[in-house]
Amino acid sequence: MRFSKLFAPTTKEAPKDAVLPSHIYLVRGAFIAQIGSGIYNFLPLGNIVLQKIRAIVKEELDKAGCQEVLLGFVTPSELWRESGRYSKFGKELLRFRDRKENEFVLGPTHEEAMVDLVRNRVRSYKQLPLNLYQINTKFRDEARPRYGLLRGREFLMKDGYSFHESVEDMQREYALMEKTYSTILERLGLDFRVVEADSGAIGGSGSKEFMVLADNGEDDIVICKSCDYAANVEAAVAKDEFVPDDEVEMSSGDFHTPDVSSIEDLSNFFKIGKAYLVKAVAKKAIYEDREEIVIFFIRGDRELQETKAQNSVDALELEDIGDEELEKAGVPVGFIGPDIEGFKIVVDETLKDRDNLICGANRKDYHTIGYSFKDKAFDFADLSLVQAGDKCAKCGGELEIKKGIEVGHIFQLGTKYSEALNATFLDREGKAKPFVMGTYGIGVSRLVAVVIEQHHDEKGCIWSEATAPFKFDIIISNRKDSEQLAFATKLYEEMQEAGLSVILDDRDERFGYKMGDFELIGFSYAIIVGKSLKEGEVEIVKRAGLERERVPVNEVMQKIREL
RNA sequence: CGGAGUGUAGCGCAGCCUGGUUAGCGCACCUGGUUUGGGACCAGGGGGUCGAAGGUUCGAAUCCUUUCACUCCGACCA
């Protein structure tokens, strides 16, 4: 490729609203261009990178025995009604009608479509297992697209679905996919963790996320410093080392505590550790057909983890409620205790069987001391947010919290969709059984941004070997210098013939301009053909680190082959 | 979805409050010349239905109404 012919309108200025390095450099470097909210065009450079990543994903999946298919981006709504997700998926699902008033959706994920493809075509256990995937455009009408390619509405995703005759076989495939995904991310040069995850809207019995570590990540992940335990904070558990002190003795009864309602104040007021206090958090739980106030109780030294709380009451969503609304509903704000009546209650596990506690007395300005959970029949569940410094449940080591970007998610799906869509096969006994399924996703276009999020400097992109749009960038310092032009052109042709990935910057621009583009776009190496040519040398610059090395012209080809 | 903003040349912005000939600046672009190892300089030039629709007015980028788009904070989210 000659740079003079490449459609790569790089810019010196960043888009005004871009804050993340990946967003800024991908736009400035002419990889992508926004066309609508959360919708991006890929320019030649961006498309080269995207296709390279796509190819790696495909290669590893094919190696693992998966088969690529391509499903319609537009899906009849009928299928979504059948699975019950038409109403549940919410506004993220973009719906529309055709000229005949038939309803369609733009596929945000393709469980329904894939099950439909397989049902009635795979009839016997002899045809199993089967793992089908596609790398296709997805559309999710996100409430708030942002961060460039990291959270778009339209994006390229690899989604795979496997079909099995048993849970055991599905779990075998699940493990294989974990390994395959790890290989893909390793090939892309990413620092990532496989973490235990919440299964969210997709459902199923177990799932793991692939998190690329990045300071700008939107997810909090819990990582053990001593063993391999890692989990999304939504699913993380910690070992609770708190042991109540036998010395603590409380009389029982209500105590007048005017204007003392926060945990901080209570702890000071009673001169006692927060772990002896019971914290109440009220939320509004939203269900498909109703909403209700739920009160969660956790130990005073812990925070409520909202996803866990939501799962504990099986709600679609949890919303915050204002004090005013709570009071209207009869909740004694600031003085709520577990014995409150008329509301759904869930209590954190760490409070089970505890006594000598202080909690709200369910009337204004009073707290109950000496409260005991012993022999009480509450719904207990893990509701606690794991925090940095907590101890690992697996090995007792110290846990830390890091930021991550989710690039993949694998699910042990079970029969959720095969049952809903009545997709069955005949087992060894000739009985019809629903397929046991797994589902696996990788955000391909998101990976483009993630690579940069993890690999950049103050000048621009630093693509990994596997993702660089071109490996070598031959820079002609001054193309009016006929020697430079001739040598660079000859080198370019030689390298092309040798099958190397090379671009020749033959533009009539100044040296600084071309170097700037090299650094911004992030080719792996620049080969500068300039002043030093008179001394029989060229300069090779490695993008990562920007180290320079002078190489005699007759050794250039050999040197390049070694890189 | 709640809150807050912004739409003027390809990009970044000024002008609007206080209406008045021809709508301006920087970058980018075109032509010519000089330059050529860190995003050059000089001279000349092209490019706008001022987001859209309606209204007020002798006169609207500017005031009013409606609408669309985009962005930010939050809620939410492979």
Side-chain angles (χ1 to χ4, degrees), chain A residues 9-19 23 27-28 30 33-39 89-93 107-111 136 138-148 150-160 197-204 207-211 218-219 232 234 283-284 286 306-307 310 316-322 405-411 439-447 459-460 475-481 484-485 507-520 526 528-534 538-539 541 546 548 550:
Chain A
T10 57
T11 58
K12 226 189 301 189
E13 283 181 44
K16 63 173 173 178
D17 34 41
V19 277
H23 190 185
V27 172
R28 282 193 50 210
Q34 183 174 5
I35 186 176
S37 176
I39 307 174
F89 212 87
K91 292 190 175 164
E92 274 187 42
L93 186 64
T109 172
H110 285 160
E111 281 78 12
N136 200 0
K138 300 282 177 290
F139 194 92
R140 294 185 188 177
D141 200 358
E142 293 274 353
R144 192 165 167 222
R146 61 186 125 176
Y147 304 142
L150 285 179
R151 180 159 302 286
R153 292 195 293 172
E154 184 182 286
F155 53 97
L156 190 68
M157 171 173 163
K158 174 265 158 176
D159 49 323
D198 174 59
S199 295
I202 306 281
S207 79
K208 288 184 180 176
E209 287 167 333
F210 293 77
M211 290 283 185
E218 293 188 85
D219 290 291
N232 189 310
E234 294 174 350
K283 296 274 177 186
K284 190 190 286 177
I286 312 290
E306 204 152 309
T307 304
Q310 181 180 321
L316 290 179
E317 225 176 280
L318 283 189
E319 276 181 8
D320 291 341
I321 338 176
I405 301 169
E406 181 187 352
V407 295
H409 201 160
I410 58 177
F411 296 82
T439 180
Y440 322 94
I442 292 185
V444 179
S445 52
R446 180 180 278 186
L447 278 170
K459 294 191 166 171
I475 295 177
I476 306 173
S477 179
N478 179 3
R479 56 169 267 161
K480 299 250 164 75
D481 180 322
Q484 290 181 17
L485 182 63
R507 294 175 297 174
D508 189 12
E509 297 287 353
R510 297 169 72 90
F511 176 74
Y513 185 90
K514 298 184 191 181
M515 274 306 278
D517 270 358
F518 159 66
E519 287 155 348
L520 175 61
I528 302 171
V529 178
K531 280 185 170 162
S532 60
L533 191 64
K534 293 225 181 316
V538 298
E539 236 175 318
V541 185
L546 295 173
R548 294 168 178 236
R550 286 175 74 133

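Predicted model, so just to flag it, every value in this text is computed and none were measured.
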Using Watson-Crick geometry (N1-N3 plus N6-O4 or O6-N4) or G-U wobble (N1-O2, O6-N3), each under 3.5 Å, B:U18 is paired with none
Atom CD of A:Glu218 and atom P of B:G74 are separated, to the nearest Å, by 10 Å
B:G48 -> Watson-Crick or G-U wobble partner, both distances under 3.5 Å, gives none
From CE of A:Met211 across to C1' of B:A78 the rounded distance in Å is 11 Å
(request) Give one of base, sugar-phosphate or nothing for A:Glu519, where a contact means two heavy atoms less than 4.0 Å apart. (result) base
*asked:* Between A:Arg140 and A:Pro108 (side chain of the first, backbone of the second, donor and acceptor by atom type, cut-off under 3.5 Å), is there such a pair?
replied: yes
Could you tell me whether A:Gly530 contacts a base, only the sugar-phosphate backbone, or nothing, with contacts defined as non-hydrogen atoms closer than 4.0 Å? base
Between B:A23 and B:C13, how many Å separate the two C1' atoms, rounded to a whole number? 14 Å
As its Watson-Crick or G-U partner within any shown strand, both distances under 3.5 Å, B:C1 has B:G74
To the nearest angstrom, the CZ-P distance between A:Arg146 and B:G74 comes to 7 Å
For A:Glu306, the side-chain hydrogen bond (donor to acceptor under 3.5 Å, both in side chains) test, sequence neighbours excluded, returns A:Lys283
One should read off an interatomic distance between A:Leu546 CG and A:Met515 CE, to the nearest 0.5 angstrom, of 7.0 Å
A:Gln310 meets the side-chain hydrogen bond (donor to acceptor under 3.5 Å, both in side chains) criterion, sequence neighbours left out, with none
Determine the contact category for A:Lys138: base if any of its heavy atoms lies under 4.0 Å from a base atom, sugar-phosphate if only primed atoms, P, OP1 or OP2 are that close, otherwise nothing.
nothing
Applying side-chain hydrogen bond (donor to acceptor under 3.5 Å, both in side chains) to A:Asn478 and not counting sequence neighbours gives none
Under a 3.5 Å limit on both distances, the Watson-Crick or wobble mate of B:G54 is B:C64
B:U35 -> Watson-Crick or G-U wobble partner, both distances under 3.5 Å, gives none
Report which part of the nucleic acid A:Glu406 touches: base, sugar-phosphate, or nothing (heavy-atom distance under 4.0 Å, all strands). sugar-phosphate
Sorted by chain and number, sequence neighbours left out, ring pair (Phe, Tyr, Trp, His ring centres under 6.0 Å) with A:Tyr440 holds for none
* Asked: Checking all strands, does A:Arg28 fall into the base, sugar-phosphate, or nothing category for heavy-atom contacts under 4.0 angstrom?
  -> base
Separation of B:C76 atom P from A:Asp219 atom CG, nearest Å, is 13 Å
note: A:Gln310, atom CD; B:C77, atom P; distance rounded to Å ~ 6 Å
Next item on the list: Mind checking A:Glu539 for me? I need base, sugar-phosphate or nothing, with any heavy atom below 4.0 Å counting as a touch.
Entry: base
Is there a donor-acceptor contact under 3.5 Å linking the side chains of A:Thr10 and A:Asp517?
-> yes
When rounded to whole Å, the CZ to P distance for the pair A:Arg151 and B:C77 reads 10 Å
Taken in chain and number order and not counting sequence neighbours, the residues that satisfy salt bridge (Lys or Arg N to Asp or Glu O under 4.0 Å) with A:Arg144 are none
Which of B:C76, B:G37, B:G39 is nearest the side chain of A:Ala143? It is B:C76
Whole-Å distance, A:Leu156 CG to B:A78 P, equals 18 Å
Closest non-hydrogen atoms of A:Glu218 and A:Arg151, given as atom of the first, atom of the second and distance, are OE2-NE, 3.1 Å
Check: So what does A:Asp481 touch, heavy atoms closer than 4.0 Å: a base, only the sugar-phosphate, or nothing?
Finding: nothing
If pairing means Watson-Crick or G-U wobble with both distances under 3.5 Å, then the partner of B:G26 is B:C11
Protein heavy-atom contacts under 4.0 Å, written 5' to 3' over nucleotides 26-34 of chain B as B (base), S (sugar-phosphate only) or - (none), form the string ---------
To the nearest angstrom, the CD-P distance between A:Gln34 and B:A69 comes to 14 Å
- Task: With heavy atoms under 4.0 Å as the rule, sort A:Ser37 into base, sugar-phosphate or nothing.
- Result: sugar-phosphate
